[in-house]
Amino acid sequence: MFRWRRLCFLLIISILLVGCGKKDEKNESVESIEEEKETIPVSENVEQSFVTPFTGEKVQEEVSMRPVVVTINNHPKARPQSGIASADVIYEMLAEGDITRLLALYQSELPNNIGPIRSARDYFVEIAAGLDAFYIAHGYSPEARTLLENGVVDHVNGMAYDGTLFKRSKDRVAPHNSYMPGENIQAAADKVSASLLYQKKVSYTFYKEDESVKIGEKANSVSVTYSNDNSFNSLYTYDEKSNRYTRQSGDAVTTDYLTNEPLKLSNVLIFEMKHSIIDNKGRREIDLHSGGAAYVFQQGMMREVRWENKDGVLKAVEEDGSEVKLVPGQTWIHFVPTDPGIATSITYS
């Protein structure tokens, strides 16, 4: 009898031990699943609900940086320039004689280095002021100096900060070697007590994702002629695969020195403006206010429109006065003289 009770007792103990083991296995299984759940990566697809003011591209956070406008040297000895691929908009216009200079507008991003930087002209200052931009140049014409000293626009100039905020490249000779590292722009603004907060909400109008350019003439190739000196003439070629234009100047493809990659442009705009020579160095005055004829090249199409100065901002407008919609991406804007005129300066096919 005792032996039987002992066997029953041992049997009960065995059953209990087996049950506990299964319970432990179950707990371990649950813990394992929970651990797997914890290690599943969270989706990085955050909704992009904001649009950049000057490129029309979608971003996750609202743009808060004030536009920064920089005078960029366009002399053949200054090419390829650094940081031009990061510009939202680039304006090209005559500075003196048949030499053009660039105004690069930065807001979506700041490159590691910008330049070579050259001197200001009064119409450069006016453009920057209309955009409420922080303006950067190295040197100035007499007319530009007057505007800058009168505080028309917040600015910093290499004449005062050469070797500090502005850095000289050893690879090139002056005046083609003045640069500003992107990280110095905030320091530059601080030096002159200027805010880099985006306050004047200037922006362009853009096509939506489901819209496309369907009006105008076919134009896959665009030539811009300033003079007989081909160094400052431009050729734009449209690529259907990328839906962008590449650019050549002086028979060389326009690239960014920082990336060694060709620029990819979404829009090429041409504004016809009255030019006047004002001194014996061939410096010019450009009428930024009267408006005039304009061409728009987008997605391999061309159409004639007009340009207007709207509250200091130069924009292409349709016949009904509405703003021309741009294709999201980088835009290049040329100013060409009324003499010989836009129809002579621009050819396309």
(Q) Under the criterion salt bridge (charged side-chain N to carboxylate O under 4.0 Å, His left out), I'd like the reasoning laid out for Asp162 against Arg168: C-alpha separation, chi angles, the key distance, then a yes or no. (A) CA-CA 8 Å; Asp162 194 359; Arg168 294 284 184 173; 2.9 Å; yes

Looking at [Y] and [X], is there a salt bridge between them, counting it only when a charged N and a carboxylate O are closer than 4.0 Å?
X	Y	value
Lys58	Glu209	yes
Lys315	Glu323	yes
Asp154	Arg66	yes
Arg121	Glu126	no
Arg247	Glu92	yes
Lys274	Asp339	no

Q. Hey, mind stepping through Phe297 and Tyr236 against ring pair (Phe, Tyr, Trp, His ring centres under 6.0 Å) and telling me if it holds?
A. CA-CA 10 Å; Phe297 295 90; Tyr236 297 89; 8.3 Å; no

Q) Got a second to check how far Tyr123's OH is from His289's NE2, nearest 0.5 Å? A)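 Those atoms lie 13.0 Å apart.
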
(Q) Would you say the rings of Phe134 and His155 are close, in the sense that their centroids are separated by under 6.0 Å? (A)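 When the ring centroids of His155 and Phe134 are compared, they turn out to be at least 6.0 Å apart.
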
Q | Pair Phe166 and Tyr161, ring centroids less than 6.0 Å apart | A |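 Ring centres of Tyr161 and Phe166 not closer than 6.0 Å.
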
Is there a side-chain contact between [X] and [Y] (heavy atoms, below 4.5 Å)?
X	Y	result
Met159	Arg145	no
Lys201	Pro53	no
Phe206	Val327	no
Leu269	Trp332	no
Leu131	Val313	yes
Ile127	Met93	yes
Phe271	Ile333	yes
Val153	Leu148	yes

Q: Verify side chain to side chain donor-acceptor pair (under 3.5 Å) between Asp88 and Ser108, making sure each step is shown before the conclusion.
A: CA-CA 7 Å; Asp88 293 356; Ser108 299; 3.0 Å; yes

(Q) Tell me which one of Asn184, Val69, Ile117 satisfies side chain to side chain contact (heavy atoms under 4.5 Å, CB included) with Ile136. (A)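 Going through Asn184, Val69, Ile117 one by one, the side chain to side chain contact (heavy atoms under 4.5 Å, CB included) with Ile136 is satisfied by Ile117 alone.
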
Kindly give the heavy-atom pair with the smallest separation between [X] and [Y], and that separation in Å.
X	Y	result
Asn157	Tyr140	ND2-CD2, 3.5 Å
Ala120	Thr71	CA-OG1, 4.5 Å
Ala343	Tyr295	CA-OH, 3.8 Å
Ser231	Arg79	O-NH2, 2.7 Å
Lys310	Val317	CE-CG1, 3.7 Å
Glu96	Lys281	CB-O, 3.8 Å

Got more than 12 heavy atoms from elsewhere within 6.0 Å of [atom1], [X]?
X	atom1	result
Glu149	CD	yes
Asn112	CG	no
Glu319	CD	no
Asn150	CG	yes
Tyr226	OH	yes

Given the rule that I, L, V, M, F, W and Y join up when any side-chain heavy atoms are under 4.5 Å apart, are [X] and [Y] in one cluster?
X	Y	answer
Val89	Ile72	no
Leu105	Leu288	yes
Val224	Leu235	no

Any sub-3.5 Å donor-acceptor pair from [X]'s side-chain atoms to [Y]'s backbone N or O?
X	Y	value
Ser345	Gly341	yes
Arg283	Gly97	no
Lys200	Gly130	yes
Tyr106	Val70	no

Q | Passing candidate, side-chain hydrogen bond (donor to acceptor under 3.5 Å, both in side chains) with Ser266, options Gln298, Gln330, Arg244 | A |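 Per the side-chain hydrogen bond (donor to acceptor under 3.5 Å, both in side chains) rule, the option paired with Ser266 is Arg244, out of Gln298, Gln330, Arg244.
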
(Q) As a quick check of understanding, evaluate side chain to side chain donor-acceptor pair (under 3.5 Å) for Ser169 and Asn177, giving each step before the final call. (A) CA-CA 5 Å; Ser169 169; Asn177 65 347; over 6 Å; no

Q: Give the C-alpha distance, both sets of side-chain angles, the deciding distance and a yes or no for side chain to side chain donor-acceptor pair (under 3.5 Å) between Thr100 and Asn74.
A: CA-CA 6 Å; Thr100 66; Asn74 193 38; 2.8 Å; yes

Q: Carefully, step by step, assess Met273 and Val336 under the rule side chain to side chain contact (heavy atoms under 4.5 Å, CB included).
A: CA-CA 6 Å; Met273 298 177 168; Val336 298; over 6 Å; no

Q | Test ring pair (Phe, Tyr, Trp, His ring centres under 6.0 Å) applied to Phe54 and Tyr198, Tyr204, Tyr91, the passing residue | A |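 Checked Tyr198, Tyr204, Tyr91 against Phe54; only one passes ring pair (Phe, Tyr, Trp, His ring centres under 6.0 Å): Tyr204.
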
Q | Verdict with reasoning, Asn113 to Met180, per side chain to side chain contact (heavy atoms under 4.5 Å, CB included) | A | CA-CA 6 Å; Asn113 207 22; Met180 178 173 283; 5.7 Å; no

**Q.** Candidate pair Asp256 and Thr259, rule side chain to side chain donor-acceptor pair (under 3.5 Å), full reasoning
**A.** CA-CA 6 Å; Asp256 191 315; Thr259 64; 4.7 Å; no

